[in-house]
Amino acid sequence: MVEAGPPGSLAGGKPAKGKILEFTALKGGGEFEPRLLTGNAEFDRACGGGLVPGSALLIGGDPGVGKSTLLLQIAAGLAKSGARTAYISGEEATAQIRLRAQRLGLSESPVALAAATALRDILSTLKADRPDAVIIDSIQTLWSDALPAAPGTVTQVRACSQELIRFAKGSGSVVMLVGHVTKDGQIAGPRVVEHMVDAVLYFESEQGRAFRLLRAVKNRFGAAHEIGVFEMTGAGLREVANPSELFLSEPGEPVPGAAVFAGIEGTRPVLVEIQALVSPSTLAAPRRAVVGWDSARLSMLLAVLDARCGLDFGRHDVFLNVAGGLRIAEPAADLAAAAALCSSLFDRALPKTTVVFGEVALSGAVRPVNQAEARLKEAQKLGFSGALAPAAGRSDALTIVNAETLADLIAWVRAQG
Ligand code: TYD
Ligand code: MG
């Protein structure tokens, strides 16, 4: 099937002459409208400090992770703060949503609710009603009668998103599109929407855990990698204001192979335990397995430890795990990963009161990382008393061991009990 081009495209006859654009300056252009706040601090943060009027968001996630629950709570929060909010469900009947609202204690909230799937009806309603914010749950259930394709197909998802995004830009309403994704990305639907919207948030959970991460993977109006943390309870999603508590191990005796990394997720410092297991291998090609970190990064780190420090991981299986289901993308985690690896290799437990951070260069040097102060401050706030960090780190409250090279790290690990 050939897709119809935009109006005035080359299809048939001579190209029409375009009209002359009027250029304008970068500054000026009137007042910016303030962001809409949902009153849910975790959600607002993940969005970059509230919702920008006229923007379109995609909130993706596995079926059953809690998207509808989250967005009903968000709708209620917006309505409470005075924004006119509509929740349009294509998946559930209004009775079902009312039941959920009851369970969440939100029945009295002035959210405008509708069950609909026909794009034409939805757009007519929105254009007449002009809500400040509208939630479409989900984009896969909508269908445009201009297309012969079935709902949920890439063609439909793309066309319906395009229309709704155009409505957002034209009216100033915030449009939030819910999309189902499977972990392996089987359903292509929401993926095609990613580049069309202003922000993409993924709502994720680890198997068998109650907490949920709302992760900004793209945001034109805020930091990507920002996370919001929630816990699913019997009465909806609870905000977790201090996520470090989730990503640190239980109190108790320290064990070899664990190091606490002082990380930054988006704009927020988060402490998380990195766990390594290094054990002798009988395999010709020993195993390397990583959860929550980049496996290429692990290979690099092992190669540097081998080449610069003479540590032989070549006859060992190496497993690395980031606690709590967090995924770390920062190079600042290198030193903490190295600490966990050496701790396991030497069978020396690291003190549970010390955080570690720093980027490792191929030369074996430890490089300073951004926001060292914020990392140290968070560690201090959570009762840590020491840090192993690159030379630039300073703190009055913590005892800092400066690591300039991996050799400093190794000496420090060997000196532990
Ligand atoms: P739901 O929001 O319907 O998920 P999604 O829209 O992503 O498919 O919620 C899914 C699960 O959450 C469901 O198994 C029930 C559970 N849940 C709770 O544990 N507590 C609650 O208060 C609610 C409303 C749901
Ligand atoms: Mg749902």
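Keep in mind it's a predicted model, so treat the numbers as computed, not measured. Indexing begins at 1, ligand by ligand and atom by atom, following the structure's order. FYI, side chains are in, hydrogens and waters are out, and symmetry mates aren't considered; it's all heavy atoms of this structure.
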Evaluate the side-chain proximity of H316 to L345: yes if any heavy-atom separation is below 4.5 Å, no if none is. yes

Measure the shortest side-chain to side-chain distance between L350 and W412 over non-hydrogen atoms and say whether it is less than 4.5 angstrom. yes

Heavy-atom proximity to atom 21 (C) of ligand 1, picking from R103, R100, Q102, points to R103

Quick one: do the S281 and D317 side chains pair a donor with an acceptor below 3.5 Å? yes

So, K169 and D198, do they make that salt bridge, N to O below 4.0 Å? yes

Hey, is ligand 1 close enough to T233 that some N/O pair sits below 3.5 Å? yes

For atom 16 (C) of ligand 1, closest protein heavy-atom neighbour: M232 CE, 4.1 Å

Does the side chain of K218 reach to within under 4.5 Å of the side chain of E194, using non-hydrogen atoms? no

Looking only at protein heavy atoms, which one is nearest to atom 14 (O) of ligand 1, and how far off is it? G64 O, 4.6 Å

Can you check salt bridge (charged side-chain N to carboxylate O under 4.0 Å, His left out) on R212 and E231, steps first, answer last? CA-CA 6 Å; R212 307 276 186 269; E231 184 191 1; over 6 Å; no

For atom 22 (O) of ligand 1, what's the nearest protein heavy atom and its distance? G236 N, 2.7 Å

What protein heavy atom sits nearest atom 4 (O) of ligand 1, and how far off is it? G66 N, 3.1 Å

Looking only at protein heavy atoms, identify the closest one to atom 25 (C) of ligand 1 and say how far it is in Å. T69 OG1, 3.8 Å

Under the 6.0 Å and 45° cation-pi test, does R375 pair with F357? yes

From the list Q162, R158, Q156, side-chain contact (heavy atoms from CB on, under 4.5 Å) partner of C160 resolves to Q156

Is there a polar contact between ligand 1 and G234, counting only N or O atoms under 3.5 Å apart? yes

Out of all atoms in ligand 1, which are within 4.0 Å of some heavy atom of A235? Include the element for each. 22 (O)

Can we say E42 and R45 salt-bridge, meaning some charged N sits less than 4.0 Å from an Asp/Glu carboxylate O? yes

Atoms of type N/O/S from protein, distance to the Mg ion (ligand 2) below 2.8 Å: 1

Minimum-distance protein heavy atom relative to atom 6 (O) of ligand 1: S68 OG, 2.7 Å

Would you check if the distance from the ring center of F247 to the ring center of F211 is below 6.0 Å? yes

Within 4.0 Å of atom 12 (O) of ligand 1 (strictly less), any protein heavy atom? yes

Between E92 and R100, is the closest basic N to carboxylate O distance under 4.0 Å? yes

